[in-house]
Chemist: 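Here it is, the structure, as structure tokens.
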Amino acid sequence: MKRTEIATLLQNKPVGEKVTVKGWVRAFRSNRFIALNDGTGFNNVQCVVDFEKTPEEVIKQIGFHACVAVTGEVVESQGAGQDIEILADTVEILGGTDLEKYPLQPKKMSHEFLREKAHFRMRTQTFSSVFRIRHAVAFAVNKYFNDRGFYYMHTPIITGSDAEGAGEMFRVTTLNDAKPPLTEDGKVDYKQDFFGKPTNMTVSGQLQAEIGAMALGKVYTFGPTFRAENSNTSRHLAEFWMIEPEIAFGDINDDMDLAEDFIKYLISYVLENYPDDLQFLEERITKLERNLPTADRRPMPLTETLRFVVDNDFERITYTEAVRHIQNSKPYKKGKFEFPVEWGTDLAAEHERYLVEKKFKKPVIVVDYPKDIKAFYMRMNDDGKTVAAMDVLFPGIGEVIGGSQREERLDMLKKRMAEMDVPEHELDWYLDLRRFGGCPHAGFGLGFERIVQFITGMSNIRDVIPFPRTPGNAEF
RNA sequence: GCUUCUUUAGCUCAGUUGGUUAGAGCGGCGGACUGUUAAUCCGUAGGUCCUUGGUUCGAGCCCAAGAAGAAGCGCCA
């Protein structure tokens, strides 16, 4: 008999029909009620087992997370928790399980424990919801850009460019690591390496995306990104996914408009299409926070936070205004900040948190940063002191987006590269984009896992990617 | 990389001033149960107290080093 997906069944409620469902047992109560989930949606279907029709050997194997097929008639449920249920004629064990050895249990398990069992954690309610939403956000990214005439551009994962300046890189090599070939002066001879020169994993597709924007107008990248930083935080991964739109003929204001509209779209898409998963995640957090002092709880429940972000304009301030706000703040005057704030220094996490969580209580876009704390390719403003760079700051997770208008003036770009010791010969192709038919353009990078983290309310970024890579950890 | 905290049963944790045989809840296993919703009830097994070294008559507890994990910071998305 053809399998019916549980999400479809729960939606259509075909009472009186005979169906077959297949999935994993979430609970087996009273030797009678199977809560079955096949991943097609948040909700389980209840299957009622008739012990007189079902061999005892089969009933014994209906255990937690066993995989079963149930065939029977769909009826209106006598119980209170669900509209319909399946009266099982037959139960077939597709994949039994040994509960004495299976590490997962039908109870609360810590995220740290489940991270070690990443091959099973998607079977839990929390992680199945998280990963359905992760998919939804990825889909919404592509839909948003496609609907607006952007082209999806695949930028290289292995890069020969060493000058992107976005962070420490992972080396890619096929040389014998114990005995690499050496040059006459005793250094590793990368001419003999696979690509004939040193290569690394990409830290950003931006520079290549600019190539696309200078031909296709509006492009975006969405791919894996690698940073070999020794970052041990709940917001950093060594391997993560980044989205980088790049728009020709756009300035920094167009860039900020795009960033705000884009983030709001992603959140709206999940709110509209995955309410059950969101509600479960919200209840999970609310229960968890009951034991915390009020000050440590979220100011609003999860879905309310998401609606608030969608319904309100982000606050837009310049870096110079941000510094002034911080210097006029109570915590600053009381000496509560650990790091100094004066014009020219980078904002520390504590300062950003003050702006987002205390001062404005909503997402904040900070624009026009001092040139000395930003990258070489960002466009010099007329004041000669700041560049057209912007960061989008979110509560809890900090920087979600970093972007800028790019320096399109060849002489200015060369001057900035010289000032910041970026070798011109490595980026000659990048300079060519200014030499031949260049134009004003802008773009940004959005950390995919960070926005998934925000939408799901998960506190650690390692719990929103199936197989997290962090310093010292590359399991699975 | 820095600071702080944690590590005791399969999981989540308690463990008094250093003192005899290390506990609980949940889970597992055995049994009961034809309307359950984290089902419930009865019974039962289960321990390298992270590792190594030290102090002590005696260490889960004190000291040192190491390992693993977490939170915060820095770097950033």
Side-chain angles (χ1 to χ4, degrees), chain A residues 26-35 43-54 59-60 63-65 75 77-82 85 87 97-117 124-125 165-168 203-206 222 224-244 259 263 284 287 296 337-339 346-353 373-375 391-394 397-403 444-454 459-463 465 470-473:
Chain A
R26 285 277 172 85
F28 186 40
R29 292 181 286 265
S30 255
N31 251 357
R32 186 147 204 228
F33 303 100
I34 302 173
N43 291 301
N44 307 324
V45 68
Q46 173 155 288
C47 305
V48 185
V49 178
D50 186 334
F51 74 92
E52 287 179 348
K53 285 193 208 164
T54 313
I59 288 190
K60 281 201 160 176
F64 183 59
H65 285 182
V75 296
S77 176
Q78 299 170 38
Q82 56 283 316
E85 62 194 14
L87 285 182
T97 183
D98 180 353
L99 293 176
E100 281 191 78
K101 292 181 184 150
Y102 186 56
L104 267 54
Q105 301 172 1
K107 58 168 292 191
K108 280 200 173 62
M109 292 166 285
S110 70
H111 292 171
E112 291 81 12
F113 172 72
L114 289 170
R115 222 172 278 154
E116 290 171 7
K117 315 289 175 198
T124 66
Q125 286 197 101
E168 291 296 311
V203 292
S204 164
Q206 180 207 313
F222 181 12
T225 310
F226 308 88
R227 304 262 169 101
E229 306 280 349
N230 192 8
S231 293
N232 295 289
T233 80
S234 55
R235 308 181 298 284
H236 289 86
L237 292 164
E239 176 182 291
F240 64 101
W241 288 63
M242 186 155 64
I243 298 141
E244 295 172 289
I263 292 186
R284 197 197 126 258
K287 278 181 203 158
D296 294 344
F337 288 130
E338 186 186 346
F339 293 92
D346 211 350
L347 302 179
E350 56 179 358
H351 307 132
E352 295 180 348
R353 266 211 315 277
I373 58 173
K374 288 290 178 183
D391 284 355
V392 180
L393 310 176
F394 261 52
I397 46 174
E399 189 180 339
V400 176
I401 281 181
F444 62 77
L446 176 133
F448 179 64
E449 282 77 14
R450 287 197 180 165
I451 199 69
V452 175
Q453 212 186 336
F454 181 76
S459 50
N460 195 312
I461 201 165
R462 293 161 207 182
D463 297 326
I465 188 168
T470 52
N473 198 335

Chemist: Let me know, please, whether L99(A) or K60(A) comes out on the 5' side of the other along RNA chain B by nearest nucleotide.
Modeler: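 Nearer the 5' end of the strand: L99(A).
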Chemist: What does A38(B) pair with, Watson-Crick or G-U, if both distances are under 3.5 Å?
Modeler: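 Partner of A38(B): none found under 3.5 Å.
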Chemist: In whole angstrom, give the distance that lies between atom CZ of R26(A) and atom C1' of U37(B).
Modeler: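 Those two atoms, CZ and C1', are 14 Å apart.
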Chemist: Rounded to whole angstrom units, what separation is found between the CE atom of M242(A) and the C1' atom of C76(B)?
Modeler: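 After rounding, the reported distance stands at 10 Å.
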Chemist: With sugar-phosphate meaning primed atoms plus P, OP1 and OP2, does F339(A) contact a base, only sugar-phosphate, or nothing at under 4.0 Å between heavy atoms?
Modeler: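 Sugar-phosphate, no base atom in range.
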Chemist: Taking G47(B) as the reference, what is the distance to G60(B) when you measure between their C1' atoms (whole Å, please)?
Modeler: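 The answer is 11 Å between these two C1' atoms.
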Chemist: Taking any heavy-atom pair under 4.0 Å as a contact, classify S234(A): base, sugar-phosphate, or nothing.
Modeler: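 Since only primed, P, OP1 and OP2 atoms lie under 4.0 Å of S234(A), the category is sugar-phosphate.
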Chemist: Does Q82(A) reach a base, just sugar-phosphate, or nothing at all? Heavy atoms under 4.0 Å.
Modeler: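 Here Q82(A) touches the bases of the nucleic acid.
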Chemist: When the C1' atoms of C61(B) and U6(B) are compared, how many Å lie between them, rounded to an integer?
Modeler: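 My reading of the C1' atoms in U6(B) and C61(B) gives 16 Å.
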Chemist: Expressed as a whole number of Å, how far does the P atom of C13(B) sit from that of G53(B)?
Modeler: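 Here C13(B) and G53(B) have their P atoms 29 Å from each other.
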Chemist: Looking only at the aromatic ring of each residue, does the gap between the centers of H351(A) and F337(A) stay below 6.0 angstrom?
Modeler: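 Yes, ring centres under 6.0 Å apart.
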Chemist: Could you work out the separation of G69(B) and G25(B) based on their P atoms and round it to a whole Å?
Modeler: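 One P to the other, the span is 32 Å.
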Chemist: Could you let me know what U44(B) is paired to, Watson-Crick or G-U wobble, both distances under 3.5 Å, or none if it's on its own?
Modeler: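 Checking every strand shown, U44(B) finds its partner in G28(B), with both distances under 3.5 Å.
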Chemist: Please give, in whole Å, the distance from G72(B) P to E350(A) CD?
Modeler: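 Computing the E350(A):CD to G72(B):P distance gives 14 Å.
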Chemist: To the nearest Å, give me how far apart CD1 (I59(A)) and C1' (G31(B)) are.
Modeler: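 After rounding, the reported distance stands at 15 Å.
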Chemist: Has R462(A) got a side-chain N or O lying under 4.0 Å from the OP1 or OP2 atom of A70(B)?
Modeler: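 So the side chain of R462(A) is within the cut-off, an N or O lying under 4.0 Å from OP1 or OP2 of A70(B).
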Chemist: Could you check whether E52(A) gets within reach of a base, just the sugar-phosphate, or nothing at all, counting any heavy atom under 4.0 Å?
Modeler: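 The residue E52(A) makes base contact.
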Chemist: Measure from NE2 on H351(A) to C1' on C73(B) and round the result to the nearest Å.
Modeler: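 One finds 12 Å between C1' of C73(B) and NE2 of H351(A), rounded.
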Chemist: Are G35(B) and F33(A) stacked, with the base six-membered ring and the side-chain ring centres under 5.5 Å apart and planes under 30°?
Modeler: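 Here the ring of F33(A) and the base of G35(B) are not stacked, as the 5.5 Å and 30° limits are not both satisfied.
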Chemist: Please give the nucleotide sitting opposite U51(B) as a Watson-Crick or G-U wobble pair, both distances under 3.5 Å, or none.
Modeler: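 Check on U51(B): paired to A65(B), both distances under 3.5 Å.
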Chemist: Can you tell me, in whole Å, how much space there is between the P of U3(B) and that of U8(B)?
Modeler: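 Approximately 24 Å lies between the P atom of U3(B) and that of U8(B).
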Chemist: Give the rounded distance in Å between these two atoms: CZ of F28(A) and P of G35(B).
Modeler: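 Rounded to whole Å, this separation is 14 Å.
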Chemist: Please tell me which of V48(A) and R353(A) maps to the more 5' nucleotide of RNA chain B, matching each residue to the nucleotide holding its nearest heavy atom.
Modeler: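 Closest to the 5' end, via its nearest nucleotide, is V48(A).
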Chemist: Name the closest nucleotide to the S30(A) side chain, picking from A77(B), U36(B), G74(B).
Modeler: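 Among the listed nucleotides, the one closest to the side chain of S30(A) is U36(B).
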Chemist: If you define the side chain from C-beta out and look only at heavy atoms, does anything of F33(A) sit under 4.5 Å from F28(A)?
Modeler: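 A side-chain contact under 4.5 Å is absent here.
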Chemist: Return yes if the base of C75(B) and the side-chain atoms of S231(A) contain a donor-acceptor N/O pair under 3.5 Å, otherwise no.
Modeler: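 When only heavy-atom distances are counted, S231(A) does reach the base of C75(B) through a donor-acceptor pair under 3.5 Å.
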Chemist: Once each nucleotide of nucleotides 7-13 of chain B is scored for protein heavy atoms under 4.0 Å, what B/S/- sequence comes out, 5' to 3'?
Modeler: ---BBS-
Chemist: Distance criterion of 3.5 Å, no angle test: do you see the side chain of R32(A) paired donor-to-acceptor with the base of U36(B)?
Modeler: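 No, the side chain and the base share no sub-3.5 Å donor-acceptor pair.
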Chemist: With a non-hydrogen cut-off below 4.0 angstrom, is G79(A) in contact with a base, only sugar-phosphate, or nothing?
Modeler: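 Base, at least one base heavy atom under 4.0 Å.
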Chemist: Roughly how far apart, to the nearest Å, are U12(B) and C57(B) at atom C1'?
Modeler: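 To the nearest whole Å, 37 Å.
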Chemist: Taking the six-membered ring for Trp, are F222(A) and F448(A) ring centroids under 6.0 Å apart?
Modeler: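 Centroid distance F222(A)-F448(A): below 6.0 Å, so yes.
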Chemist: With P as the reference atom in both, quote the distance from U4(B) to G66(B) in angstrom, rounded to an integer.
Modeler: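 Their P atoms lie roughly 14 Å apart.
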Chemist: Over how many whole Å does the gap from E85(A) atom CD to G35(B) atom C1' extend?
Modeler: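 These atoms are roughly 8 Å apart.
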Chemist: Listed by chain and number, what are the side-chain hydrogen bond (donor to acceptor under 3.5 Å, both in side chains) partners of R32(A), not counting sequence neighbours?
Modeler: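 For R32(A), no residue satisfies side-chain hydrogen bond (donor to acceptor under 3.5 Å, both in side chains) once neighbours in sequence are set aside.
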Chemist: Is the shortest heavy-atom distance from the side chain of V392(A) to the side chain of F444(A) under 4.5 Å?
Modeler: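 In short, these two side chains do not touch, never coming nearer than 4.5 Å.
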Chemist: Does a side-chain N or O of N44(A) approach OP1 or OP2 of U37(B) to a distance below 4.0 Å, or not?
Modeler: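 Answer is no, no contact under 4.0 Å.
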Chemist: Looking at R115(A), does any N or O in its side chain come under 4.0 Å of the phosphate oxygens OP1/OP2 on A70(B)?
Modeler: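 Yes, such a contact exists.
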Chemist: Base, sugar-phosphate or nothing for E116(A)? Non-hydrogen atoms, less than 4.0 Å.
Modeler: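 Answer is nothing: E116(A) stays at 4.0 Å or more from every strand.
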Chemist: NA contact type, A35(A), heavy-atom cut-off 4.0 Å: base, sugar-phosphate, or nothing?
Modeler: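 The residue A35(A) makes no contact with any strand.
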Chemist: Calculate the interatomic distance between I34(A) atom CD1 and A39(B) atom P; express it in whole Å.
Modeler: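 The answer, rounded to whole Å, is 13 Å.
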Chemist: Suppose we call a contact any N or O donor and acceptor under 3.5 Å apart; does that hold for the side chain of R29(A) and the base of C33(B)?
Modeler: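 Donor-acceptor pair under 3.5 Å: no.
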Chemist: So what does I397(A) hit on the nucleic acid, given a heavy-atom distance under 4.0 Å: a base, only sugar-phosphate, or nothing?
Modeler: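 Counting heavy atoms under 4.0 Å across all strands, no contact is made by I397(A).
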Chemist: What is the pairing partner of G72(B), taking Watson-Crick or G-U wobble pairs with both distances under 3.5 Å in any strand?
Modeler: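 In the structure as shown, G72(B) has C2(B) as its Watson-Crick or wobble partner.
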Chemist: Scan every strand shown for a Watson-Crick or G-U wobble partner of U21(B), both distances under 3.5 Å, and answer none if you come up empty.
Modeler: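 WC or wobble partner does not exist here.
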Chemist: Of all the nucleotides listed (G1(B), A71(B), G69(B)), which has the minimum atom distance to the side chain of N473(A)?
Modeler: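 The nucleotide sitting nearest to the side chain is G69(B).
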Chemist: Please measure how far the C1' atom in C63(B) lies from the corresponding atom in G72(B), and state the result in whole Å.
Modeler: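 Looking at atom C1' only, C63(B) and G72(B) are 28 Å apart.
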Chemist: I'd like to check N31(A) versus F51(A) (side-chain heavy atoms, cut-off strictly below 4.5 Å). Are they in contact?
Modeler: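 No. Closest side-chain heavy atoms not under 4.5 Å.
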Chemist: Students often get this wrong, so: under 4.0 angstrom with heavy atoms, is N232(A) touching a base, only sugar-phosphate, or nothing?
Modeler: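 Here N232(A) touches the bases of the nucleic acid.
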Chemist: Need the pair for A9(B). Rule: Watson-Crick or G-U wobble, both distances under 3.5 Å, any strand; none if unpaired.
Modeler: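 Matched A9(B) with nothing under the 3.5 Å cut-off.
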